[in-house]
**Q** 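Questions regarding the structure given below will be posed in turn.
Read the numbers this way: they start at 1 and go in the same order the structure lists the ligands and their atoms. Values in this document were obtained by computation on a predicted structure and should not be read as measured data.
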Amino acid sequence: MSPVNAYIVIPCYNEEEVLEETCRQLLSVFDEMKTQKLINDDSRIIFVDDGSKDKTWEIIDRFSDEYVEIGGIKLAKNAGHQNALLAGLMTVKDECDCAISIDADLQDDIHVIPEFIKNFQNGCDVVYGVRSKRDTDTFFKRTTAVAFYKLMQAMGVKMVFNHADYRLMSRRALNALSEFSEVNLFLRGLVPLVGYKSANVYYERNERFAGQSKYPLKKMLSFAFDGITSFSITPIRIITAIGASVSFMAILAALYVLFSKFFGNASVGWSSLMVSIWFLGGVQLLSVGLIGEYIGKIYKETKRRPRFIIEEYKK
Ligand code: UDP
Ligand code: MG
């Protein structure tokens, strides 16, 4: 099989501590793949500086002068991990056969990249890097992550379990991805929507070798919340369901209240109050849910997602 033109895209935010080592390791994998004739000489490693405040861009700049394989994209301001990644992928998509995204801290094992490429050569348009173990993550990160995937599943969002943003996408998959014009980006939910043939490659996740996680709890929670609300209207449905059950309970409450009024010694005014509270509560929740349904529709419309992606057209 002929060598492919592969790009590696790495979003970086304040990563001065890891960049040199990351560069060194990626270049050595690159060299290996070149000798194995997996990738050609036009292949590149592209760092995306996501508005870093430290020396990240200076380092990228220096490396891109030093090595032909290395290039850099500097974003005007911090746009966030997902946007930085998309910026990189969309910038390179017309230059490459396929692009691999990976985090700057190399927590994801770069030695499976050749396997990504082999899967691509065998006709896969998307190759997901999937963590086989989470031993190196802290207990907290591990449990929250598993809970997150479970929750997303319950909300009906199709996601690859234990896959983050370490993946290969072919040029046509990237072109399909570019049709999704939504602003609230949650790539690992979007990529499965693109479709095409995909494969999973398993690897063990390492610890961050230097620097600190750029995802503190607050960012993690908001990321998870974004993921759910960008992909699912299940929360709205839950409100509707609660509304329906409260309304049903209002009927039971009414029966109970009437029973107490005639056979018990209910105080004056209590019966009408009780029935109104339950009934109005139920009706209000139902109405909110109903309005929510329409908002859900509007929200789906405004995303202007492609309604189909053609894989082949034979004439
Ligand atoms: N990142 C980014 N912009 C941000 C935050 C993070 O480009 O605003 C990058 C970061 O440099 C790294 C990747 O996103 O390459 C993942 O971040 P990190 O490793 O800190 O996340 P974790 O592995 O702890 O979930
Ligand atoms: Mg990391």
Side-chain angles (χ1 to χ4, degrees), residues 7-26 45-61 63 70-92 99-110 112-113 128-149 152 159-167 183-189 191 203-227:
Y7 273 49
I8 298 183
V9 176
I10 311 125
C12 310
Y13 178 59
N14 295 342
E15 298 285 13
E16 60 180 11
E17 282 155 289
V18 304
L19 270 185
E20 307 216 357
E21 177 62 17
T22 300
C23 240
R24 196 186 61 74
Q25 292 197 22
L26 283 176
I45 301 170
I46 305 291
F47 291 95
V48 182
D49 174 24
D50 185 15
S52 299
K53 292 180 187 77
D54 64 1
K55 294 212 165 57
T56 299
W57 178 248
E58 279 91 323
I59 298 172
I60 298 171
D61 194 30
F63 278 140
I70 293 181
I73 298 166
K74 187 181 195 308
L75 299 189
K77 70 182 230 331
N78 182 249
H81 176 205
Q82 301 288 293
N83 292 317
L85 185 50
L86 189 74
L89 293 175
M90 291 303 119
T91 312
V92 305
I100 298 149
S101 51
I102 187 166
D103 290 350
D105 53 14
L106 299 192
Q107 281 184 286
D108 306 303
D109 187 2
I110 56 172
V112 297
I113 294 180
Y128 297 104
V130 179
R131 287 166 210 170
S132 51
K133 277 198 255 166
R134 275 182 176 271
D135 293 356
T136 50
D137 277 351
T138 59
F139 173 76
F140 177 73
K141 186 118 192 174
R142 204 162 55 221
T143 32
T144 46
V146 171
F148 171 61
Y149 286 104
M152 291 298 275
M159 262 171 53
V160 180
F161 194 70
N162 266 344
H163 156 73
D165 284 308
Y166 184 28
R167 73 176 82 81
V183 176
N184 290 296
L185 256 199
F186 186 71
L187 285 171
R188 61 190 91 160
V191 178
Y203 67 93
E204 281 174 31
R205 187 164 156 98
N206 307 314
E207 272 172 70
R208 204 180 225 284
F209 62 83
Q212 295 211 325
S213 171
K214 307 297 178 294
Y215 270 98
L217 181 63
K218 203 174 130 226
K219 255 197 197 168
M220 244 162 69
L221 286 177
S222 92
F223 186 59
F225 193 69
D226 246 19

**Q** Which residues satisfy the salt bridge (charged side-chain N to carboxylate O under 4.0 Å, His left out) test with Asp165, sequence neighbours excluded?
**A** Arg167, Arg188

**Q** Strictly under 2.8 Å, is any N, O or S atom of Asp105 next to the Mg ion (ligand 2)?
**A**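 Yes.
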
**Q** Measure centre to centre between the rings of Phe47 and Phe63, then say whether the value is under 6.0 Å.
**A** no

**Q** How would you list, by chain and number, every residue that makes a salt bridge (charged side-chain N to carboxylate O under 4.0 Å, His left out) with Asp105, sequence neighbours excluded?
**A** Arg208

**Q** Look only at the side chain of Tyr13 and the backbone of Thr56, and say whether a donor-acceptor pair between them is shorter than 3.5 Å.
**A** no

**Q** As a test of reading the model: which residues have a non-hydrogen atom less than 4.0 Å away from ligand 1?
**A**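 Protein residues near ligand 1 are Pro11, Cys12, Tyr13, Glu15, Asp50, Asn78, Gly80, His81, Asp103, Ala104, Asp105, Gln107, Lys141, Arg205, Arg208, Ser213, Lys214, Tyr215, Lys219.
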
**Q** State, yes or no, whether a side-chain contact exists between Asn162 and Arg205 at a heavy-atom distance under 4.5 Å.
**A**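 They are not in side-chain contact.
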
**Q** Sequence neighbours left out, what passes salt bridge (charged side-chain N to carboxylate O under 4.0 Å, His left out) with Glu58? Give chain and number order.
**A**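 None.
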
